[in-house]
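This one's a predicted model, so the numbers in the text were calculated from it and none came from an experiment.
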Amino acid sequence: MNNLNRIYKESLGLLTDFYQLTMSYGYFRKGMAEREAVFNLFFRSNPFSGGYTVMAGLSQVIDYLNNFKFTADDVSYLSTLKDSDGHHYFDESFLKYLEGMKFECTIDAQPDGSIIFPHEPVIRVRGPLIQCQILETPLLTIVGQAALIATKASRITSVTGDEPVMEFGLRRAQGIDGALTGSLSSYIGGCHSTSNVLAGKLFGIPVSGTHSHSWVMAFQSELEAFQAYADVMPGNCVLLVDTYDTLEGVKKAVKVGLDLKEKDKKLKAIRVDSGDLAYLSIEARKILDDAGLTDTKIVGSNDLDEYLISTLKDQGAKITMWGVGTKLITSFDQPALGQVYKMTAIRNEKGEWENRIKLSEQNIKINMPGILNVRRFYLNDKMAGDMIFDERDKMDDYRIIAPDDFTKRKKFSMETDYKDLLQPVFKEGAQVYQVPSFNDSRNYHLQQRNLLDASSRRLVNPHVYPVGLEPKLFERRAELILKLRNK
């Protein structure tokens with residue numbers, strides 16, 4: 001795809017935090033740069049106080065990794081950096097090493113559109129320590145915002161069901177990159193289209209839109225404006241009716257709709273963007289139906305989110321298409337996912353794997369050691385629980401133990417259907433994963449969401465989906481914690 005290269009002509013090699021490079025220089029100087037290590041990207045809690053999260057951003061990660069390099073211009077810039085004593089941060093041998101470095105990592109990941117949960121590895125990176133370290137920041141940057149907005153879109157579209165959601169957030173997005181990431185992630189999360197034409201071009205997302213109030217204000221009357229728009233857009237006539245008086249605007253739209261009907265065209269929809277959307281949509285539906293325009297849809301917009309849409313539906317609103325902008329594209333009620341990237345294993349000087357763990361006074365911040373994967377169990381065609389396990393262990397039974405409470409356990413029979421979730425993406429630097437179309441990722445998400453019990457999908461106080469550690473991993477983690485705390 002290489003969409004990142006289409007957007008950014010500049011090398012992205014320096015899209016990393018400075019401390020990644022200072023640590024990398026340290027690894028280089030201490031002879032550790034090529035030592036094999038394993039890092040996991042994961043997150044600690046579901047956003048929006050919800051019951052699940054949606055994976056997104058993997059396609060952009062793949063684009064980034066296929067073009068991972070430090071150019072001569074990147075290295076030239078790094079050579080100018082000096083510390084407070086006036087000494088160069090990096091010596092010439094390190095800079096030459098960076099310029100000649102080729103991506104060699106093995107990457108496994110959960111696909112875009114997947115239902116993901118806290119503590120589980122979403123992306124696993126295995127390879128030379130220096131490369132694993134440098135990749136921390138760009139991977140977190142790419143995946144965090146993408147997954148956050150895909151999750152928000154999924155929550156919204158789970159409320160609207162079969163009623164289309166149009167993502168209208170471009171003008172309120174947090175910059176150009178935020179807009180493009182938001183449009184793509186919203187689509188993967190279930191939205192039907194975007195107003196962002198560049199996103200449509202780059203990602204093949206359907207584009208949609210109506211007209212603004214300025215169109216109406218540019219004409220001598222609202223009716224003239226509607227007639228003109230119907231004249232130039234007879235196959236996509238959606239009229240914004242609330243510039244002056246909403247219900248009077250609907251009556252004028254009806255006149256245009258009847259004219260279109262005589263020409264074997266139709267008024268596709270009207271849009272209401274202000275006021276009491278429940279009341280206005282109910283009254284508008286009556287006016288349209290009384291005129292025989294029963295197939296004309298009603299679009300609702302105006303700072304919508306999943307909660308407001310749910311409330312409108314409870315009030316009997318007759319809106320059947322939804323335009324959602326600011327609160328989706330900006331992830332209005334939660335600005336960051338809070339994902340992290342931690343080392344879980346490293347080979348010692350003898351070539352043997354040593355498990356690694358980060359301690360904390362907060363149990364939620366203690367990560368899982370080892371070379372990890374996730375096994376998802378299914379009962380009665382529904383997701384039933386996830387087990388985080390070390391691929392090096394042989395499993396004696398299918399028990400899962402909550403990482404933060406050893407008394408919370410769940411057991412599955414050895415005959416239970418399951419799927420291991422991490423899929424090979426790169427093998428020693430070579431891509432082995434066939435990237436699905438964004439439409440396929442969207443459909444995959446909708447299918448996966450249906451496998452999650454409704455109790456875990458509800459907006460308020462969702463049921464906590466069971467995620468736990470395989471017993472050997474649980475014991476190993478506990479032993480490491482005690483060993484490190486008793487040092």
Item to check | With Glu167, the side-chain hydrogen bond (donor to acceptor under 3.5 Å, both in side chains) member among Ser186, Ser185, Ser183 | outcome: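 In the set Ser186, Ser185, Ser183, the residue that makes a side-chain hydrogen bond (donor to acceptor under 3.5 Å, both in side chains) with Glu167 is Ser183.
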
Point-to-point distance, once rounded to the nearest 0.5 Å, from [atom1] of [X] to [atom2] of [Y]:
X      : Y      : atom1 : atom2 : result
Leu260 : Thr296 : CG    : OG1   : 9.0 Å
Ile62  : Gln434 : CD1   : CD    : 9.5 Å
His192 : Ser208 : NE2   : OG    : 10.5 Å
Arg271 : His211 : CZ    : NE2   : 8.0 Å
Asn450 : Lys382 : CG    : NZ    : 6.5 Å
Leu459 : Tyr307 : CG    : OH    : 5.5 Å

Under a 3.5 Å distance rule, please check whether [X] uses its side chain to pair with a backbone N or O of [Y] as donor and acceptor.
X      : Y      : value
Asn367 : Lys358 : yes
Ser281 : Lys318 : yes
Gln110 : Pro121 : yes
Asp242 : Asp273 : yes
Thr330 : Arg172 : no
Lys265 : Ala230 : no

Any [X] side-chain heavy atom under 4.5 Å of [Y] side chain:
X      : Y      : answer
Ser11  : Asp73  : no
Val254 : Leu288 : yes
Tyr19  : Glu136 : yes
Ser154 : Tyr52  : yes
Ser158 : Arg457 : no
Tyr444 : Ser114 : yes

Which pair of heavy atoms, one from [X] and one from [Y], lies closest together, and at what distance?
X      : Y      : result
Gly57  : Asp112 : N-OD1, 3.1 Å
Pro138 : Thr16  : CD-OG1, 4.0 Å
Gln431 : Asn66  : OE1-ND2, 2.7 Å
Ile319 : Gly300 : CG2-N, 3.4 Å
Leu451 : Asp381 : CD2-O, 3.4 Å
Ala253 : Val241 : CB-CG1, 4.1 Å

Ignoring hydrogens and geometry beyond distance, is a side-chain donor-acceptor pair present between [X] and [Y] at under 3.5 Å?
X      : Y      : answer
Asn46  : Thr53  : yes
Ser437 : Asn439 : no
Gln20  : Thr137 : yes
Asp314 : Thr311 : no

Checklist entry - Which residue, Phe103, Tyr64, Tyr433, forms the ring pair (Phe, Tyr, Trp, His ring centres under 6.0 Å) with Phe426? => result Phe103

Next on the checklist: Within 45 degrees of the ring normal and closer than 6.0 Å to the centroid, is that where the cationic atom of Lys152 sits relative to Phe48?
Outcome noted: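 Judged by the rule, Lys152 and Phe48 form a cation-pi pair.
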
Next on the checklist: Distance to the ring centre below 6.0 angstrom and angle to the axis at most 45 degrees; does that hold for Arg375 and Phe389?
Outcome noted: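 Satisfied, under 6.0 Å and within 45°.
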
Checklist entry - With under 30° as parallel and over 60° as perpendicular, where do the rings of Phe203 and Phe438 fit, or are they tilted in between? => result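 If you compare the ring of Phe203 with that of Phe438, the planes turn out perpendicular.
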
Item to check | Any residue meeting ring-ring contact (aromatic ring centres under 6.0 Å, His included) with Phe412, in chain and number order, not counting sequence neighbours | outcome: Phe377

Item to check | From CA spacing to verdict: salt bridge (Lys or Arg N to Asp or Glu O under 4.0 Å), Lys327, Glu306 | outcome: CA-CA 9 Å; Lys327 298 205 173 166; Glu306 64 268 43; over 6 Å; no

Next on the checklist: With a sphere of 6.0 Å drawn around NZ of Lys201, does it hold more than 12 non-hydrogen atoms of other residues, nucleotides or ligands?
Outcome noted: no

